Amino acid sequence: MEILKLPLPFVTPRHAALPFRDAFGVPHGDHFVPMRDAADMNTATRVSFGALKFRRAHQALAINEMRPLYAFSFNPYVIDIRDQYPVYDQKKYNAAKTLGRRMSVEDVMTLDIILTLVLPPDNRLHYHAVSIKDGAEEFDDATKTRLDKEEHKILSRGWTYELLRGNQFDALTWGNHALMKTWVANVDVWQHYDEASAFARRMLVRSTRGTLDDIMSRHARHLGISLNWCYELFAVAACFGFLYPDHQEALRTDKQLYLRWRA
């Protein structure tokens with residue numbers, strides 16, 4: 001599976017539900033705790049930031065990880081993202097727990113990103129692991145061995161695995177996602193699924209004359225809602241696949257709006 005080549009357009013199902021834990025005992029959504037914390041890393045490129053579809057923080061240990069985390073947040077197939085995901089031997093875990101000890105750090109492998117996807121036609125859940133590496137990095141033998149080990153471990157679970165390069169997520173798209181993220185920084189997007197759907201349908205059949213701010217101001221006036229609320233609904237619609245901003249163009253309030261798959 002190639003996550004960036006899944007067919008679009010696609011709309012996230014309204015009632016996509018996550019189990020509390022996956023089959024390996026690791027929590028989903030709000031309850032997941034990454035194995036590594038960006039604050040513990042002594043590098044300038046690490047960062048923590050709020051997730052979009054659930055209420056916790058992502059831990060990006062490098063810019064290479066931050067860009068895909070933003071991209072996956074606005075991917076309609078993705079309903080959960082678990083970064084710095086722990087993979088360990090169950091027997092060693094059970095032995096440590098029996099002795100009242102924590103597992104050794106050397107016995108725990110961390111995967112960059114585990115995505116929980118909802119796939120047509122029956123909206124089944126599927127787990128897809130993504131390892132992120134620098135676009136210019138040449139792999140030494142140790143790195144190749146680790147990547148092979150990661151892939152083997154993931155495939156043995158019946159999940160899928162993919163290696164992606166950081167330069168596959170361009171700065172323009174990242175900037176567009178980051179802007180939309182600011183519009184819904186403290187919004188529970190799932191609570192506004194239906195409103196965002198209705199708002200998107202209206203946007204797709206109305207004029208896109210003028211700047212984005214002109215367009216949103218017209219919708220706000222006609223709907224009798226605030227301009228801020230219009231921007232929030234736009235971002236929610238984008239994360240669920242009701243709207244698709246064209247990421248070959250910059251998304252700016254003072255520029256023309258470009259949408260893909262416009263009615």
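Starting from 1, each residue takes its place in the sequence as its number. This one's a predicted model, so the numbers in the text were calculated from it and none came from an experiment.
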Write down the atom of [X], the atom of [Y], and the distance for their closest heavy-atom approach.
| X | Y | result |
| --- | --- | --- |
| Gly135 | Asn167 | CA-ND2, 3.5 Å |
| Pro76 | Leu8 | CG-CD2, 4.1 Å |
| Val189 | Val236 | O-CG1, 3.7 Å |
| Pro34 | Ala57 | CG-O, 4.4 Å |
| Gly166 | Asn64 | CA-OD1, 3.4 Å |
| Ala60 | Leu69 | CB-CD1, 4.1 Å |

*Under 6.0 Å between the ring centres of Phe169 and Tyr70?*
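No: the rings miss the under 6.0 Å criterion.
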*Centroid separation Phe32 to Phe54 less than 6.0 Å*: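 Here the rings of Phe54 and Phe32 have centres that are no less than 6.0 Å from each other.
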_Would you say that more than 12 heavy atoms from the other residues, nucleotides or ligands in this model lie under 6.0 Å from the CG of Asp141, or not?_
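Not buried by this count: 12 neighbours or fewer within 6.0 Å.
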*For atom NE2 of His222, decide whether the heavy atoms of other residues, nucleotides or ligands shown that lie under 6.0 angstrom number more than 12.*
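Yes, because the 6.0 Å sphere around NE2 of His222 holds more than 12 heavy atoms from other groups.
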Are [X] and [Y] linked by a side-chain donor-acceptor pair shorter than 3.5 Å?
| X | Y | answer |
| --- | --- | --- |
| Ser73 | His177 | no |
| Arg201 | Ser197 | yes |
| Thr173 | Asp170 | yes |
| Arg202 | His219 | yes |

Between [X] and [Y], is there shared hydrophobic-cluster membership here, with clusters defined by ILVMFWY side-chain heavy atoms closer than 4.5 Å?
| X | Y | result |
| --- | --- | --- |
| Leu223 | Trp183 | yes |
| Met66 | Leu172 | no |
| Val33 | Val87 | no |

Is there a side-chain contact between [X] and [Y] (heavy atoms, below 4.5 Å)?
| X | Y | value |
| --- | --- | --- |
| Pro19 | Leu125 | yes |
| Val78 | Thr116 | no |
| Met180 | Cys239 | no |
| Val130 | Leu163 | no |
| Glu2 | Leu164 | no |
| Asn75 | Ile3 | yes |
| Glu150 | Leu111 | yes |
| Arg218 | Asp214 | yes |

When you measure from the side chain of [X] to the backbone of [Y], do you find a donor-acceptor pair of N or O atoms at a distance under 3.5 Å?
| X | Y | result |
| --- | --- | --- |
| Glu151 | Asp148 | no |
| Asp112 | Ile132 | yes |
| Asp80 | Gly29 | yes |

Calculate, to the nearest 0.5 Å, the distance between atoms [atom1] and [atom2] belonging to [X] and [Y] respectively.
| X | Y | atom1 | atom2 | value |
| --- | --- | --- | --- | --- |
| Leu212 | Asp254 | CG | CG | 9.0 Å |
| Asn186 | Asp188 | CG | CG | 11.0 Å |
| Tyr244 | Leu259 | OH | CG | 12.0 Å |
| His31 | Arg56 | NE2 | CZ | 11.5 Å |
| Gln84 | Ile114 | CD | CD1 | 10.5 Å |
| Leu52 | Phe72 | CG | CZ | 14.0 Å |

*Start with the C-alpha gap between Arg252 and Asp213, add the side-chain angles, then the distance that decides, and say whether salt bridge (charged side-chain N to carboxylate O under 4.0 Å, His left out) holds.*
CA-CA 8 Å; Arg252 288 180 44 174; Asp213 212 47; over 6 Å; no
*Which class fits the ring pair Tyr77 and Phe10: parallel under 30°, tilted 30 to 60°, perpendicular over 60°?*
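If you compare the ring of Tyr77 with that of Phe10, the planes turn out parallel.
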*Please test Met1 against Leu117 for side chain to side chain contact (heavy atoms under 4.5 Å, CB included), starting from the C-alpha separation and ending with a verdict.*
CA-CA 11 Å; Met1 175 181 288; Leu117 310 176; 3.5 Å; yes
_Please enumerate all residues that pass side chain to side chain contact (heavy atoms under 4.5 Å, CB included) together with Tyr258, with sequence neighbours excluded._
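Here the qualifying residues are Asp246, Glu249, Gln256.
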_Under a 4.0 Å threshold between the charged nitrogen and the carboxylate oxygen, would Arg14 count as salt-bridged to Asp194?_
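Judged by the 4.0 Å cut-off on N to carboxylate O distance, Asp194 and Arg14 do form a salt bridge.
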_SB check Arg82 Asp22 (cutoff 4.0 Å)_ =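 The answer is yes: the pair qualifies as a salt bridge.
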*Go through Leu179 and Asn176 one step at a time and tell me if the side chain to side chain contact (heavy atoms under 4.5 Å, CB included) criterion holds.*
CA-CA 5 Å; Leu179 177 61; Asn176 290 350; 5.9 Å; no
*Could you walk me through whether Thr160 and Tyr127 pass side chain to side chain contact (heavy atoms under 4.5 Å, CB included), step by step?*
CA-CA 7 Å; Thr160 48; Tyr127 296 103; over 6 Å; no
*Knowing that exactly one of Phe199, Phe234, Tyr193 qualifies, which makes a side-chain contact (heavy atoms from CB on, under 4.5 Å) with Phe242?*
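When side-chain contact (heavy atoms from CB on, under 4.5 Å) is applied between Phe242 and each of Phe199, Phe234, Tyr193, only Tyr193 qualifies.
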_Within 45 degrees of the ring normal and closer than 6.0 Å to the centroid, is that where the cationic atom of Arg157 sits relative to Phe24?_
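Output yes; distance and angle both within limits.
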_Before you tell me yes or no, could you show the steps for Glu162 and His128 under side-chain hydrogen bond (donor to acceptor under 3.5 Å, both in side chains), namely the whole-Å CA-CA distance, both residues' side-chain angles and the distance that decides it to 0.1 Å?_
CA-CA 8 Å; Glu162 183 176 12; His128 184 64; 2.8 Å; yes
_side chain to side chain contact (heavy atoms under 4.5 Å, CB included) for Thr143 and Glu137? Distances and angles first, verdict last._
CA-CA 10 Å; Thr143 301; Glu137 182 178 354; 4.3 Å; yes
*Evaluate the criterion ring pair (Phe, Tyr, Trp, His ring centres under 6.0 Å) for residue pair His192 and Trp229; output intermediate values, then yes/no.*
CA-CA 11 Å; His192 305 295; Trp229 183 222; 4.9 Å; yes
